[in-house]
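Reading through the structure tokens given below for one structure.
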There are 2 protein chains.
Amino acid sequence: MASPHQKQTMKDRILQTADRLFYLKGIRAIGVDTISAEIGISKRTLYNHFPSKDALIAAYLEHRFVQPKPSDRSPVEQILGTFDALERRFGAEDFRGCPFVNAVAELGGEDKSVKDIAVAFKESRRLWFRDRLVELGVADPDRLATQLQLLVDGSIAQDLVRDDPAMARAAKEAARVLLENAGVKVSSPDGAKA
Amino acid sequence: MASPHQKQTMKDRILQTADRLFYLKGIRAIGVDTISAEIGISKRTLYNHFPSKDALIAAYLEHRFVQPKPSDRSPVEQILGTFDALERRFGAEDFRGCPFVNAVAELGGEDKSVKDIAVAFKESRRLWFRDRLVELGVADPDRLATQLQLLVDGSIAQDLVRDDPAMARAAKEAARVLLENAGVKVSSPDGAKA
DNA sequence: GCCAAGGTACACAGGTCTGTGTAACTAAAA
DNA sequence: TTTTAGTTACACAGACCTGTGTACCTTGGC
């Protein structure tokens, strides 16, 4: 973990492959046989590293729970840049929506642990927006952060079914309107730095 | 179909039960045995009415594709009322997100017909917004309709993971800001008719 | 050389799933 | 009464799933 040159462990390879297949094809659609076959290991080895498929699913979701990198850009640029990043990801052919929302949709309210991590993820994203809005001094950062997160999740859901990266642009424009309405000065209607 | 007093056919009962279980528990999570057992019929009878589970899934999604009732309220009230209706549905304990988004998330891009009907549904909803925005004479009804639909889908996704009907209120407030920004006069910040 | 850790091959238990085949039953229509 | 359409009970095929048991093999460290 410390050294980037460190050889990838077996556990890493299993998790990485499970991550890719679970995300692309769905958690229920992928069996442990498929994962081990894809890596070229025996199913026994997989079970030596993860006690059950449920444990592998939990590891998958935790693995997806990554914090955004710190940035030295201005709060407004960071907020609006979120939607540019979304648009880029929508364009990739291996994008298939939000893994947490998908997992909840797929596994239902049955599995409480899945829902818990999904809620934690969504809340962490909302708080990320909120921190930047506080920095900007807007009146009601909590409310606006929630609304920005609505635009993020809405564009993800829309792109999931429509495969249309323009959804991210529409969300960005809406976000700009909401920011300006909250008294935030936003430079130009489209990409001043371009 | 014409008379509301008409006795419910076997096919209706199957579809209705499949609808409820598919939506609540997930399509992959429910087998045809479960559906037939729930109704108290044999699995053979189910297969006499639907040639395959895939056909039943298709019928389920078509059954969910309902058009909004015509309304005599003003366009603005209709648009904002959408979010009030959402909030009501979020409060129900049998609400589990958008069946079309869930189906795409669950069945993946593999099944093209599922994606097709999901796209058709989302587009029909977007056009519903668009029609009302045209009536209001806004400058760019297509863009704003897309953005309102983003708020709808965003609040649905958020409520799915958080079980928080307040997401609909946040979406409604954002919708009001977007409408006002487009030059639409919106009466009061919260429920003038209350 | 020897040992121990971890991987492999492979069978298998026990469950679920979709879908079919078949013979008997029921009830309404003719 | 006879026919016919729909339903039932039930077994079963064939596939896939999670998870385990077991005996063998490979490899690096001592």
Side-chain angles (χ1 to χ4, degrees), chain A residues 1 3 5-61 102-103 105-108 110-114, chain B residues 1 3 5-61 102-103 105-108 110-114:
Chain A
M1 200 214 264
S3 160
H5 291 263
Q6 189 173 344
K7 210 169 170 183
Q8 198 178 215
T9 68
M10 180 96 286
K11 196 166 186 175
D12 287 337
R13 288 173 64 195
I14 294 170
L15 183 51
Q16 175 186 310
T17 304
D19 179 284
R20 178 166 48 88
L21 294 176
F22 281 163
Y23 178 65
L24 279 182
K25 307 287 185 184
I27 293 172
R28 286 198 127 108
I30 294 296
V32 291
D33 293 282
T34 307
I35 296 169
S36 46
E38 175 93 3
I39 314 175
I41 62 171
S42 69
K43 185 167 55 169
R44 205 73 188 82
T45 302
L46 188 150
Y47 274 105
N48 282 343
H49 288 280
F50 296 92
S52 67
K53 187 186 179 182
D54 278 355
L56 188 53
I57 294 170
Y60 156 58
L61 291 177
N102 290 359
E106 201 174 346
L107 306 178
E110 314 295 270
D111 198 333
K112 195 175 171 305
S113 64
V114 168
Chain B
M1 198 214 267
S3 159
H5 291 265
Q6 188 171 342
K7 209 171 173 183
Q8 196 178 217
T9 68
M10 181 94 289
K11 196 166 185 174
D12 287 339
R13 288 173 65 196
I14 295 169
L15 184 50
Q16 174 185 309
T17 304
D19 179 285
R20 178 168 47 86
L21 294 176
F22 280 164
Y23 178 65
L24 279 182
K25 309 288 185 182
I27 294 172
R28 285 198 128 107
I30 294 296
V32 290
D33 293 281
T34 308
I35 296 170
S36 45
E38 176 93 2
I39 314 175
I41 63 172
S42 69
K43 184 168 58 170
R44 205 75 188 81
T45 302
L46 189 150
Y47 274 105
N48 283 343
H49 289 279
F50 296 92
S52 67
K53 188 186 178 183
D54 277 356
L56 187 54
I57 295 170
Y60 155 58
L61 291 177
N102 291 358
E106 201 173 346
L107 307 178
E110 314 294 271
D111 198 333
K112 194 175 171 305
S113 64
V114 168

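Keep in mind that what you see is a predicted model, and the values were worked out from it rather than measured. Letters go in sequence order (proteins before strands), and every chain restarts at 1.
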Practice prompt. Answer yes or no: is there a donor N or O on one side and an acceptor on the other, between the side chain of B/Arg28 and the main chain of B/Glu106, under 3.5 Å?
Written response: yes
Worksheet, complete the sentence: When rounded to the nearest 0.5 Å, the distance separating CG of A/Leu46 from NZ of A/Lys11 is 11.0 Å
Fill in: Inter-residue atom distance B/Thr34.OG1 - B/Lys43.NZ, 0.5 Å rounding
10.5 Å
Discussion item. Using every non-hydrogen atom in the two residues, find where B/Ala59 and B/Phe50 come nearest and quote the distance to one decimal.
Written reply: CB-CE2, 3.9 Å
Practice prompt. Quick one: pull up CE in A/Met10 and CG in A/Asn48 and give me the separation to the nearest 0.5 Å.
Written response: 11.0 Å
Practice prompt. Report the distance from atom NZ of A/Lys25 to atom P of D/dC16, rounded to the nearest whole Å.
Written response: 16 Å
Discussion item. Measure CZ/A/Phe22 against C1'/D/dC17 and give the value in whole Å, please.
Written reply: 13 Å
Below 3.5 Å is the cut-off: list the nitrogen or oxygen pairs between protein and nucleotides 5-9 of chain D, distance only.
| residue | atom | partner | partner atom | Å |
| --- | --- | --- | --- | --- |
| D/dT7 | OP2 | B/His49 | NE2 | 3.1 |
| D/dT8 | OP2 | B/Ser42 | N | 3.3 |
| D/dT8 | OP2 | B/Thr45 | OG1 | 2.6 |

Fill in: From B/Asp19 atom CG to B/Leu24 atom CG, the distance as rounded to the nearest 0.5 Å
9.0 Å
Polar atom pairs between nucleotides 24-26 of chain D and protein, under 3.5 Å, N or O only, would you list them?
none

All N/O contacts under 3.5 Å from nucleotides 11-18 of chain C to the protein, with atom names and distances to one decimal?
| residue | atom | partner | partner atom | Å |
| --- | --- | --- | --- | --- |
| C/dT18 | OP1 | B/Lys53 | NZ | 2.9 |
| C/dT18 | OP2 | B/Val32 | N | 2.8 |

Item to complete: Step by step, work out the side chain to side chain contact (heavy atoms under 4.5 Å, CB included) result for A/Phe22 and A/Leu61.
Response: CA-CA 10 Å; A/Phe22 281 163; A/Leu61 291 177; over 6 Å; no
Discussion item. Do B/Ile39 and B/Thr45 have side chains that approach each other closer than 4.5 Å (heavy atoms only, starting at C-beta)?
Written reply: no
Worksheet entry | Separation of D/dG21 C1' from A/Leu46 CG (nearest whole Å) | 17 Å
Discussion item. Please report the distance, rounded to the nearest Å, between CG in A/Leu56 and C1' in D/dG19.
Written reply: 14 Å
Worksheet, complete the sentence: Tested for side-chain contact (heavy atoms from CB on, under 4.5 Å) against A/Leu56, the lone hit among A/Ile35, A/Ile30, A/Ile27 is A/Ile35
Worksheet item: Which value, rounded to the nearest 0.5 Å, describes the distance between A/Arg20 atom CZ and A/Leu15 atom CG?
Response: 12.0 Å
